[in-house]
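Structure, as structure tokens:
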Amino acid sequence: MAEKTIDKMIHVLNGPNLNLLGVREPEIYGAKTLADIEAELTAQAAPRGYAIVFGQSNHEGGLVEMIQAARQAAGIIINPAAYTHTSVAVHDALKMAEGPVIELHLSNPHAREAFRHHSYVSPLATGIVAGFGAAGYAMALGALMDRLDGRTGA
Ligand code: DQA
């Protein structure tokens, strides 16, 4: 049977203020821009036959719509940014995802202010990557592709 395109599509979604990566608090979030990260992930995914769909929104509803559009993707890597800690709407949208959901943070929210310690996304996540800066995106993508390709036991 012909492979469905959607089987090889991974959505990488980013929430508010991540459009300013590289400029925003670089001591916490690093010097790389979102465009740098996107280029790296596209290059990492291509040899393994995966395509990446990127999205970023500063709006809760925008992020919800991007999650809905990713519902039937092979998998979702999401850094919901501040909405991690506040958004029932993001939680509800992610509940409809058919594939694995990887929660990603550049920083380690648990080592920061108390208001960052709760996540509405973690209970729905297959895995969580946090604290490795921009390198976390490549880690999450590698782990997700391994899982989708059946290279990991879990
Ligand atoms: C973040 C952590 C969040 O607490 C914060 O609101 C962000 C970025 C991270 O990637 O470390 O905007 O998700």
Side-chain angles (χ1 to χ4, degrees), residues 9-46 48 50-148 152 154:
M9 202 74 90
I10 292 171
H11 289 233
V12 179
L13 306 180
N14 291 282
N17 299 308
L18 293 170
N19 57 313
L20 290 181
L21 266 191
V23 175
R24 174 193 183 198
E25 299 177 274
E27 65 288 357
I28 296 176
Y29 297 114
K32 278 193 180 163
T33 67
L34 205 54
D36 294 334
I37 293 168
E38 290 181 12
E40 285 174 11
L41 294 195
T42 300
Q44 182 184 353
R48 293 180 64 167
Y50 284 92
I52 308 284
V53 176
F54 289 96
Q56 189 277 329
S57 179
N58 290 325
H59 306 278
E60 187 173 19
L63 195 56
V64 165
E65 284 173 1
M66 292 190 307
I67 296 166
Q68 289 183 6
R71 188 169 57 86
Q72 292 180 302
I76 298 174
I77 296 170
I78 183 163
N79 183 349
Y83 290 133
T84 308
H85 318 300
T86 64
S87 181
V88 176
V90 165
H91 171 99
D92 286 348
L94 284 170
K95 251 188 168 164
M96 293 184 279
E98 293 177 7
V101 172
I102 311 298
E103 178 181 355
L104 182 135
H105 301 283
L106 295 126
S107 66
N108 173 4
H110 295 282
R112 301 179 64 192
E113 303 97 321
F115 64 83
R116 298 185 200 277
H117 295 179
H118 177 262
S119 168
Y120 280 99
V121 173
S122 297
L124 303 173
T126 300
I128 302 167
V129 177
F132 296 102
Y137 284 87
M139 291 176 185
L141 178 60
L144 178 56
M145 292 191 297
D146 283 351
R147 187 188 172 91
L148 293 170
T152 48

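Both ligands and their constituent atoms are indexed starting at 1 by order of listing.
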Phe132 CZ: over 12 foreign heavy atoms closer than 6.0 Å: no
Hey, is NE2 on His117 packed in by over 12 heavy atoms from elsewhere, all under 6.0 Å? yes
Which residue and non-hydrogen atom of the protein lie closest to atom 1 (C) of ligand 1, and at what distance in Å? His105 ND1, 3.7 Å
Looking only at distances, please establish whether an N/O atom of ligand 1 is found under 3.5 Å from an N/O atom of Ala82. yes
Ignoring hydrogens and geometry, is there a side-chain-to-backbone donor-acceptor pair from Asp92 to Ala89 under 3.5 Å? no
So, Asn17 and Tyr29: side-chain donor and acceptor under 3.5 Å apart, yes or no? no
Which heavy atom of the protein is the closest neighbour of atom 11 (O) of ligand 1, given with residue, atom name and distance? Ser107 OG, 2.6 Å
Parallel, tilted or perpendicular: which describes the rings of Phe115 and His85, with under 30° parallel and over 60° perpendicular? perpendicular
One should read off an interatomic distance between Asn58 CG and Tyr83 OH, to the nearest 0.5 angstrom, of 7.5 Å
Please test Ile128 against Val121 for side-chain contact (heavy atoms from CB on, under 4.5 Å), starting from the C-alpha separation and ending with a verdict. CA-CA 10 Å; Ile128 302 167; Val121 173; over 6 Å; no
Hey, does Thr84 come in under 3.5 Å of ligand 1, counting only N/O atoms on both sides? no
Provide, to 0.1 Å, the distance between atom 12 (O) of ligand 1 and the closest protein heavy atom, together with that atom's residue and name. Arg24 NH2, 2.9 Å
What protein heavy atom is closest to atom 5 (C) of ligand 1, reported as residue, atom name and distance in Å? Arg116 NH1, 3.3 Å
One finds that the ligand 1 atoms under 4.0 Å from a non-hydrogen atom of Tyr29 are 5 (C), 7 (C), 8 (C), 9 (C), 11 (O)
Which protein non-hydrogen atom lies closest to atom 9 (C) of ligand 1, naming both residue and atom, and how far is it? Leu106 N, 3.4 Å
Please state which protein non-hydrogen atom is closest to atom 3 (C) of ligand 1 and give its distance, to 0.1 Å? His85 NE2, 3.5 Å
